[in-house]
**Student:** 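The structure under discussion is supplied below as structure tokens; questions concerning it will follow.
The residues of the chain are indexed from 1 along the displayed sequence. Every heavy atom of this structure was used, including side-chain atoms; hydrogens, water molecules and symmetry mates were not.
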Amino acid sequence: MAPSRWMVRALALWAALGLIVSIWPALRLGWIVVGVGLLGWLGLDVLLVRRLPVPTVERRVAAALALGVESEVHLRLRGTGTRPVRAELFDDHPDGVEVTGLPQPVVIPVEGEWVELKYTLRPLRRGALRFGATELQLRSPLGGWTRRLVVGEATAVRVYPNFAAVARYALLAVANRTDQMGIRRQQRRGEGLEFHQLREYRVGDALRQIDGPATA
């Protein structure tokens, strides 16, 4: 558990007022009252943030990823409490990937409801990769603290070469070889509509291959 930015600023302001009180002692009582109220507020907020329920997280990602190709990772959070909770989500993604869309703010719903987030990753190396648990930074009800939770389970995936790109390059290589061998694709006689391409009608020819004016 860690103090929030708002709490740090409030304590800094109270400490700054202490310097003024050292110059004008008449303000000492008011400064003490403010300090006691601030400490009471922080103590109450500690109790509230410790009582926040722990949500559940499910991760959905393809078991096989393509090298250099972006894929989506889906995280579904299910609420277990009676009131929504604001949080910030960090997913423990593996090393060797490029990630877009983390961290993300999220409002954890009440019990019986769920919310789904997603982010993208692009693997930069082949082999076995492993996702860790998901980390949530919950905000306390009064805004004074943040509580760190680690939820969810690890996920193992494998990264393979991008076979789609490999197949495309192979087809281009085959096409290039046929050009080098002098193989050219040409229309056979009777498939065109030029005069030198015409021939007599044969049973089975398509009607679109019959040139009406030439036949007449």
**Student:** Measure across Leu65 and Ser71 and return the closest heavy-atom pair with its distance rounded to 0.1 Å.
**Tutor:**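 Smallest interatomic distance, heavy atoms only, reads CD2-OG, 3.6 Å.
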**Student:** When you measure from the side chain of Ser4 to the backbone N and O of Gly143, does any donor-acceptor pair fall under 3.5 Å?
**Tutor:**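 Yes; at least one donor-acceptor contact below 3.5 Å.
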**Student:** Tell me whether Leu29 is reachable from Ile23 by hopping between hydrophobic residues (I, L, V, M, F, W, Y) whose side-chain heavy atoms are closer than 4.5 Å.
**Tutor:**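 In one cluster: no.
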**Student:** Indicate whether the side chain of Arg139 and that of Thr146 have a donor and an acceptor atom separated by less than 3.5 Å.
**Tutor:**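 Arg139 vs Thr146: no donor-acceptor pair found between side chains.
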**Student:** Checking Leu89 against Leu77 for the side chain to side chain contact (heavy atoms under 4.5 Å, CB included) test, could you report, in this order, the C-alpha distance in whole Å, the side-chain angles of both residues, the deciding distance, and whether it holds?
**Tutor:** CA-CA 10 Å; Leu89 180 143; Leu77 286 78; 3.7 Å; yes
**Student:** Out of curiosity, Leu52 CG to Arg83 CZ, how far, rounded to the nearest 0.5 Å?
**Tutor:**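 That separation rounds to 8.0 Å.
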**Student:** Can you name the closest pair of heavy atoms from Val97 and Leu129 and give their distance?
**Tutor:**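 Taking Val97 first and Leu129 second, the nearest heavy atoms are CG1-CD1, 3.8 Å.
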**Student:** Going from CH2 on Trp145 to CG on Leu47, what distance comes out if it is rounded to the nearest 0.5 angstrom?
**Tutor:**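 Reported to 0.5 Å precision, the distance equals 11.0 Å.
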**Student:** Identify whether Val8 and Leu44 are in the same connected component of the hydrophobic contact network (ILVMFWY, side-chain heavy atoms under 4.5 Å).
**Tutor:**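 Looking at the clustering, Leu44 is in a separate group from Val8.
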**Student:** Between Trp114 and Glu116, which heavy-atom pair has the shortest distance, and what is it?
**Tutor:**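 Scanning both residues, the minimum pair turns out to be CZ3-CB, 3.9 Å.
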**Student:** Please tell me whether Leu38 and Val36 are part of a single hydrophobic cluster in this structure, the criterion being side-chain heavy atoms less than 4.5 Å apart.
**Tutor:**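 Yes, one cluster joins them.
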**Student:** More than 12 foreign heavy atoms under 6.0 Å from CZ of Arg28: is that the case here?
**Tutor:**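 No.
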**Student:** Identify, with sequence neighbours excluded, every residue that meets side chain to side chain donor-acceptor pair (under 3.5 Å) alongside Glu98.
**Tutor:**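 For Glu98 the side chain to side chain donor-acceptor pair (under 3.5 Å) partners, ignoring immediate neighbours, are Arg122.
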**Student:** Keeping the roles fixed (side chain from Asp92, backbone from Thr134), state whether a donor-acceptor pair exists under 3.5 Å.
**Tutor:**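 No; judged by distance alone, with no hydrogens or angles, the pair does not exist.
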**Student:** Could you tell me which non-hydrogen atom of Ala133 sits nearest to which non-hydrogen atom of Gly152, and how far apart they are?
**Tutor:**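 So the two residues come closest at CB-O, 4.0 Å.
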**Student:** Would you check if Phe131 and Asp91 make a side-chain contact, meaning some heavy-atom pair closer than 4.5 Å?
**Tutor:**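 Side-chain contact under 4.5 Å: yes.
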**Student:** Is there a continuous path of hydrophobic side-chain contacts, each under 4.5 Å between heavy atoms, that joins Val34 to Ile20?
**Tutor:**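 In one cluster: yes.
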**Student:** Would Glu58 and Arg76 pass as an ion pair if we require N to O under 4.0 Å?
**Tutor:**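 So Glu58 does not pair with Arg76 through a salt bridge.
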**Student:** Has Asp45 got a side-chain atom pairing as donor or acceptor with Leu142's backbone, closer than 3.5 angstrom?
**Tutor:**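 Side chain of Asp45 to backbone of Leu142, a donor-acceptor pair under 3.5 Å: yes, one is there.
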**Student:** Can you check whether Arg9's main-chain N or O pairs, donor with acceptor, with Trp14's side chain at less than 3.5 Å?
**Tutor:**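 It does not hold such a pair.
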**Student:** Below 30° counts as parallel, above 60° as perpendicular, anything between as tilted: where do the rings of Trp6 and Trp41 land?
**Tutor:**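 Trp6 and Trp41: perpendicular rings.
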**Student:** Count the heavy atoms of every other residue, nucleotide or ligand shown that sit under 6.0 Å from CZ of Arg86, and state whether that count exceeds 12.
**Tutor:**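 It does not: Arg86 CZ has 12 such atoms or fewer within range.
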**Student:** Within a strict 4.5 Å, meaning less than it, do heavy atoms of the Phe90 and Gln137 side chains meet?
**Tutor:**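 Answer yes - side chains close enough.
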**Student:** Following the transitive rule for hydrophobic clusters with a side-chain heavy-atom cut-off under 4.5 Å over Ile, Leu, Val, Met, Phe, Trp and Tyr, establish whether Leu124 and Val61 coincide in one cluster.
**Tutor:**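 The answer is no; the residues belong to distinct hydrophobic clusters.
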**Student:** Closest heavy-atom contact between Pro141 and Leu48?
**Tutor:**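 Taking Pro141 first and Leu48 second, the nearest heavy atoms are CG-CB, 3.7 Å.
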**Student:** Could you go through the side chain to side chain contact (heavy atoms under 4.5 Å, CB included) check for Val21 and Ile32 one step at a time?
**Tutor:** CA-CA 10 Å; Val21 170; Ile32 293 175; over 6 Å; no
**Student:** Within the distance-only criterion (no hydrogens, no angle test), does the side chain of Glu70 pair as donor or acceptor with the backbone N or O of Pro123 below 3.5 angstrom?
**Tutor:**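 Checked: no pair found.
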**Student:** When Val54 is tested against each of Leu138, Val151, Val150, Ile108 for side-chain contact (heavy atoms from CB on, under 4.5 Å), which residue passes?
**Tutor:**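 Per the side-chain contact (heavy atoms from CB on, under 4.5 Å) rule, the option paired with Val54 is Val151, out of Leu138, Val151, Val150, Ile108.
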**Student:** Taking the side chain as everything from C-beta on, heavy atoms only, tell me whether His74 gets closer than 4.5 Å to Leu117.
**Tutor:**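 They are not in side-chain contact.
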**Student:** Under the criterion side chain to side chain contact (heavy atoms under 4.5 Å, CB included), I'd like the reasoning laid out for Gln104 against Glu88: C-alpha separation, chi angles, the key distance, then a yes or no.
**Tutor:** CA-CA 6 Å; Gln104 288 191 36; Glu88 195 166 16; over 6 Å; no
**Student:** So does Ala2 get a backbone contact from the side chain of Arg147, meaning a donor-acceptor N/O pair under 3.5 Å?
**Tutor:**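 No; zero donor-acceptor contacts below 3.5 Å.
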**Student:** Roughly how far, to the nearest 0.5 Å, is the OH atom of Tyr119 from the CG atom of Leu75?
**Tutor:**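 Reported value, rounded in 0.5 Å steps: 5.5 Å.
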**Student:** Which is it for Leu121 and Val73 under the side chain to side chain contact (heavy atoms under 4.5 Å, CB included) test, yes or no, and what are the steps along the way?
**Tutor:** CA-CA 7 Å; Leu121 60 81; Val73 180; 3.4 Å; yes
**Student:** State whether the number of non-hydrogen atoms from other residues, nucleotides or ligands found under 6.0 Å of Arg60 atom CZ is greater than 12.
**Tutor:**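 It does: Arg60 CZ has more than 12 such atoms within range.
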**Student:** Of the non-hydrogen atoms in Asn162 and Val69, which two are nearest, and what is the gap between them?
**Tutor:**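 Nearest heavy atoms, Asn162 then Val69: ND2-CG2, 3.5 Å.
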**Student:** Does the side chain of Pro55 reach to within under 4.5 Å of the side chain of Leu149, using non-hydrogen atoms?
**Tutor:**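 Of all side-chain heavy-atom pairs linking Leu149 with Pro55, at least one is under 4.5 Å.
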**Student:** Among Arg130, His93, Arg59, whose side-chain hydrogen bond (donor to acceptor under 3.5 Å, both in side chains) with Thr155 holds?
**Tutor:**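 Exactly one option meets the side-chain hydrogen bond (donor to acceptor under 3.5 Å, both in side chains) with Thr155, and it is Arg59.
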**Student:** Hey, are Arg78 and Glu113 close enough for a salt bridge, meaning a charged N less than 4.0 Å from a carboxylate O?
**Tutor:**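 Salt bridge between Arg78 and Glu113, a charged N being under 4.0 Å from a carboxylate O: no.
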